[in-house]
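First listed ligand is number 1; within each ligand, the first listed atom is number 1. Only heavy atoms go into these numbers, but all of them, side chains included; no hydrogens, no water, no symmetry mates.
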Amino acid sequence: MLKLCFSTLLLCLATLASAQTDNAGKPISQPLVSHIYTADPSAHVFKGRIFIYPSHDIETGAKEDDDGGHFDMKDYHILSMKKPGGKVKDHGVALDIKNIPWAGRQLWAPDAAYKDGTYFLYFPVKDKKDVFRIGVATSKKPEGPFQPEPEPIPGSYSIDPCVFKDTDGNYYMYFGGIWGGQLQRWQNNTYNATAKLKKPEEVAHLPRVARLNADMKSFAEPVKEVKIVNENGNLFLEGNNDKRFFEAAWMHRYNGKYYFSYSTGDSHNICYAVGDNPYGPFTYKGIVLKPVQGWTNHHSIVEIKGKWYLFYHDVQLSGKTHLRNIKVTELKYNADGTIQTIEPYDKN
Ligand code: FUB
């Protein structure tokens, strides 16, 4: 009965919110699920099925602030479907914050990987000192439940892990996010709680990368910065906030090139930059996804049966920035390998 009331409430909110979205144009795609709020979708094809590893947004009444205090998530639900547009299955709680021994608060955007019969779920969460670290949990099934390791990955910090498998069998983790994601507090892999954000004329903070060890639970090398440069080979300044990195790293390969995509945060774009190897440098190429409704923009890019798809989110169901819903749409390349920019709302 309660469940029915909640669904009805969500439906009413959806109608209300779509009335709002009409002002900005008609959404090009619809929420994949509406019985829970979901965000930050990391999609993978495992065992011939699409598995989505999203954040699970909830209302806890936590105060909204510039550090994302209102993103107060406590568990993960894994979703899956046979094909884009197919029926979406919610596999229930895959990992609960109360079962992560070192966790304090805020389970943010996760990712997953598969190796040798084991599925790995990578997740950022604040530790008991309120410092974001990245943890790993394992399962024999892509949908979990996942068993967390007793400690975070040694040397890990900040948020938004993306684990990429290269064609040579090496796995790399990309991560980082400024403002509430705390990346600005880390210089030379050392923590400084009082470090400030960069000034507009300073070189912007850079995302991070580290190759994973064979155990998939530790870094094989010191964490390195990922250079994103303009067409002249220069790093972006903090003032270039429509192009510089903010959060939501994703890596994919297309035609032998490495595509590093990310959110620009306070200017709300998903941008991409292309390089010749997993470490970069990556040269800025353009916008993958224009701003969506809601403050955050976060995505993944995946090939499914020869076509490419962008998984992303907006706030169509709730109209509230911390109660998001995931979506999917097709992504297309031009003949020169550039990505066709996606407008999330049809203005016509
Ligand atoms: O979902 C919490 C945070 O919001 C993510 O970690 C960021 O990428 C942003 O989407």
Among Asp75, Asp90, Asp40, the one residue meeting side-chain hydrogen bond (donor to acceptor under 3.5 Å, both in side chains) with His56: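 That would be Asp75.
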Numbered atoms and elements of ligand 1 in range of [X], under 4.0 angstrom, heavy atoms:
X	value
Ala109	6 (O)
Met73	1 (O), 2 (C)
Thr296	4 (O), 9 (C), 10 (O)
Arg324	1 (O), 2 (C), 4 (O), 9 (C), 10 (O)

Can you check whether [X] has an N/O within less than 3.5 Å of an N/O in ligand 1?
X	value
Asp40	yes
His298	yes
Asn297	no

Protein residue, atom and distance nearest to atom 9 (C) of ligand 1, heavy-atom basis: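 Its nearest protein heavy-atom neighbour is Glu247 OE2, 3.4 Å.
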Top protein contact for atom 6 (O) of ligand 1, by heavy-atom distance: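 The answer is Asp160 OD1, 2.5 Å.
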Modelled atom types, side-chain donor and acceptor of Arg244 and Thr264, under 3.5 Å: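 No, because no side-chain N or O of Arg244 sits under 3.5 Å from a partner of the opposite role on Thr264.
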Derivation of the ring-ring contact (aromatic ring centres under 6.0 Å, His included) call for Trp295 and His322: CA-CA 8 Å; Trp295 198 93; His322 64 296; over 10 Å; no
More than 12 heavy atoms from other groups under 6.0 Å of NZ on Lys89: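 Open: at most 12 neighbouring heavy atoms sit under 6.0 Å from NZ of Lys89.
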Distance in Å, Thr283 OG1 paired with Phe260 CZ, rounded so as to fall on 0.5 Å steps: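 Rounded to the nearest 0.5 Å, the OG1-CZ separation comes to 13.0 Å.
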Whether Thr341 side chain and Ile287 backbone form a donor-acceptor pair below 3.5 Å: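 The answer is yes, because a donor-acceptor pair under 3.5 Å joins these two groups.
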Transitive ILVMFWY side-chain link Tyr254 to Met251, under 4.5 Å: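 The answer is no; the residues belong to distinct hydrophobic clusters.
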